[in-house]
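Sequence positions, counted from 1, serve as the residue numbers for this chain.
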Amino acid sequence: MQRVTITLDDDLMAAVDAFILSRGYANRSEAIRDLARAGLDQAAEAGSEGGASVGALVYVYDHESRELPRRLTNTFHEHHNLVLATLHVHLDHEHCMEVAALRGRTDQVRHFAEHVMAERGVKHGRLMLVPGQLAQERHAHGDEAAHAHSHIHVQNR
């Protein structure tokens, strides 16, 4: 590990200290390391539009909104190549939350997520991306070489 000295203005330092307090960090170094990692992840995500990623799309919607469940279902079927799985949660009488695990080219995953979040009746939405590389691999599990298969793997950088 290396020791680094930085200079922060008073307002920024106050914001960092409030962050440390709210998250329960033991010291400033741990918090600064986590903030730096988050910033680097965000920069990598922004620069990986042509690359690949896995992600989680989380959104809350009003299931009584006109035709919204049907439109969402159709959208997911039209993009089945990006969608690995979904989790559906009933929050109350009117609202549902869905979590969709996604995989594919970052620009396509982002476009799909933005389309879902823009649907009328979707109240909140957020996409969390993890950049990686897609690789087509052929392999067998265990001693079953005769049953080798190929599929896409996402390799994190």
Let me check something: any side-chain donor-acceptor pairs from residues 114-132 under 3.5 Å, sequence neighbours excluded? List them with distances.
from	atom 1	to	atom 2	distance (Å)
Glu119	OE1	Arg71	NE	2.8
Glu119	OE1	Arg71	NH2	3.2

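When atom types are taken as modelled, the side chain of His63 and the backbone of His93 share a donor-acceptor pair closer than 3.5 angstrom.
Ring-plane geometry between Phe76 and Phe112 is classed as perpendicular, the angle between the planes exceeding 60 degrees on a 0 to 90 degree scale with a lower cut at 30.
Interatomic distance, His88 NE2 to His90 NE2, rounded to the nearest 0.5 Å: 4.0 Å. Atom-to-atom distance recorded for Asn27:CG and Arg33:CZ is 6.5 Å, nearest 0.5 angstrom. Here the straight-line distance linking atom CG of Leu84 with atom CZ of Arg103 works out to 4.5 Å at 0.5 Å rounding. For the atom pair CZ of Arg28 and CD1 of Ile6, the computed distance is 9.5 Å after rounding to the nearest 0.5 Å. Annotation: the span from Cys96 atom SG to Glu64 atom CD amounts to 9.0 Å, rounded to 0.5 Å. In this structure, the separation between OH on Tyr61 and CG on Leu91 is 9.5 Å, given to the nearest 0.5 Å.
Counting heavy atoms from C-beta outward, Asp17 and Met13 have side chains that approach closer than 4.5 Å. At least one side-chain heavy atom of Thr106 sits under 4.5 Å from a side-chain heavy atom of Arg110. Using a 4.5 Å heavy-atom threshold, the side chains of Val54 and Leu102 count as separate. Side-chain atoms of Glu98 and Val58, non-hydrogen and from C-beta on, never get closer than 4.5 Å to each other.
Between the side chains of His95 and Asp92, at least one donor-acceptor pair of N or O atoms lies under 3.5 Å. A donor-acceptor pair shorter than 3.5 Å cannot be found between the side chains of Glu30 and Tyr25.
Residues Gln108 and Leu82 approach most closely at O-CD1, 3.7 Å, considering heavy atoms.
The environment of Asn81 atom CG is dense: over 12 non-hydrogen atoms of other residues, nucleotides or ligands sit within 6.0 angstrom.
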